[in-house]
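As structure tokens, the structure follows; a few thoughts come after it.
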Amino acid sequence: VQLQASGGGLVQAGGSLRLSCAASGFHFSINTMDWYRQGPGKERELVATISSGGTTNYKDSVKGRFTISRDNIKRNLYLQMNGLKPEDTALYYCHLKRGIDFWGQGTQVTVSS
């Protein structure tokens, strides 16, 4: 299993970023996928989940601002982040659970005030 996240960067508050995660080594389309994040001095937390059928769930603080999506043909997972806030600053990881947890390497998102 390989999960390669990209798309992070430095953005001003109110700005947008789109994270991507390229997946390989497993049957992507039948698996639920997640985005997690870990801010400075904080524990890793679940941000958004998308099932194989496209059902989505979000952490309350990102509802209405973030959108998780997937492209099963390209084997990519996405996180569109709008209205970014300084508290969204974190290392963002794509995640797969197949008995054990698989993590991408993370992509840094920094939101300046």
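Throughout, residue positions are numbered sequentially from 1 according to the sequence presented. Owing to the predicted nature of the structure, the values given are computational and were not obtained by experimental measurement.
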Self-check item: Partners passing salt bridge (charged side-chain N to carboxylate O under 4.0 Å, His left out) against Asp101 (at least two apart in sequence or in another chain)
Solution: Lys97
Quiz item: If you take all heavy atoms of Ala48 and Leu79, which pair is closest and at what distance?
Solution: CB-CD1, 4.2 Å
Exercise. Report the hydrophobic cluster partners of Ile73, with the cluster defined as I, L, V, M, F, W, Y residues connected by side-chain heavy atoms closer than 4.5 angstrom, directly or transitively.
Key: none
Self-check item: Over all atoms of both residues, closest heavy-atom pair of Leu77 and Phe28
Solution: N-CZ, 4.1 Å
Quiz prompt | Donor on one side chain, acceptor on other, Tyr92 and Arg37, under 3.5 Å | solution = yes
Quiz item: What residue pairs, at least two apart or across chains, pass disulfide (SG to SG under 2.5 Å) with a residue in residues 37-77?
Solution: none
Quiz item: Do Met33 and Val62 sit in the same hydrophobic cluster, where Ile, Leu, Val, Met, Phe, Trp and Tyr count as joined when their side-chain heavy atoms come under 4.5 Å apart?
Solution: yes
Practice problem: Return each pair, listed once, that meets salt bridge (charged side-chain N to carboxylate O under 4.0 Å, His left out) where at least one residue sits in residues 67-85; pairs must be two or more places apart or across chains. | Solution: none
Quiz item: Hey, what else clusters with Leu10 if you join Ile, Leu, Val, Met, Phe, Trp, Tyr whenever side-chain heavy atoms sit under 4.5 Å?
Solution: none
Quiz item: Would you call Ile68 and Phe66 a side-chain contact if the rule is heavy atoms closer than 4.5 Å?
Solution: no
Exercise. Give the C-alpha distance, both sets of side-chain angles, the deciding distance and a yes or no for side-chain contact (heavy atoms from CB on, under 4.5 Å) between Gln80 and Ser16.
Key: CA-CA 7 Å; Gln80 177 67 44; Ser16 298; 4.0 Å; yes
Quiz prompt | Any Ile50 side-chain heavy atom under 4.5 Å of Trp35 side chain | solution = no
Exercise. Please report the shortest heavy-atom distance between Gly106 and Leu91, naming the atom on each side.
Key: C-CD1, 3.9 Å
Quiz item: Do Arg65 side-chain atoms and Gly83 backbone N/O form a donor-acceptor pair below 3.5 Å?
Solution: yes
Quiz item: Can you find a heavy atom in the side chain of Leu19 that is under 4.5 Å from one in the side chain of Val109?
Solution: yes
Practice problem: State plainly whether one hydrophobic cluster holds both Ile30 and Val1, where clusters connect Ile, Leu, Val, Met, Phe, Trp and Tyr through side-chain heavy atoms under 4.5 angstrom apart. | Solution: no
Exercise. Please list, chain by chain and in numerical order, all residues satisfying side chain to side chain donor-acceptor pair (under 3.5 Å) with Thr49, sequence neighbours excluded.
Key: Asp34
Quiz item: Tell me the side-chain hydrogen bond (donor to acceptor under 3.5 Å, both in side chains) pairs involving residues 17-27, sequence neighbours left out?
Solution: His27-Ser29
Self-check item: All side chain to side chain donor-acceptor pair (under 3.5 Å) counterparts of Tyr78, not counting sequence neighbours
Solution: Asn76
Practice problem: Could you tell me which residues satisfy side chain to side chain donor-acceptor pair (under 3.5 Å) with Gln2, sequence neighbours excluded, listed by chain and number? | Solution: none
Quiz item: Which pairs with one or both residues in residues 103-113 pass side-chain hydrogen bond (donor to acceptor under 3.5 Å, both in side chains), sequence neighbours excluded?
Solution: Gln108-Thr110
Self-check item: Pairs involving residues 47-62, ordered by first then second residue, that meet salt bridge (charged side-chain N to carboxylate O under 4.0 Å, His left out) (sequence neighbours left out)
Solution: Glu45-Lys59, Asp60-Lys63
Quiz item: Sequence neighbours excluded, which residues qualify as salt bridge (charged side-chain N to carboxylate O under 4.0 Å, His left out) partners of Lys42?
Solution: none
Quiz item: Has the side chain of Ser52 got a donor or acceptor atom that lies under 3.5 Å from a matching backbone atom of Thr32?
Solution: no
Practice problem: Report yes if the side chains of Tyr58 and Val47 come closer than 4.5 Å at any heavy-atom pair, otherwise no. | Solution: no
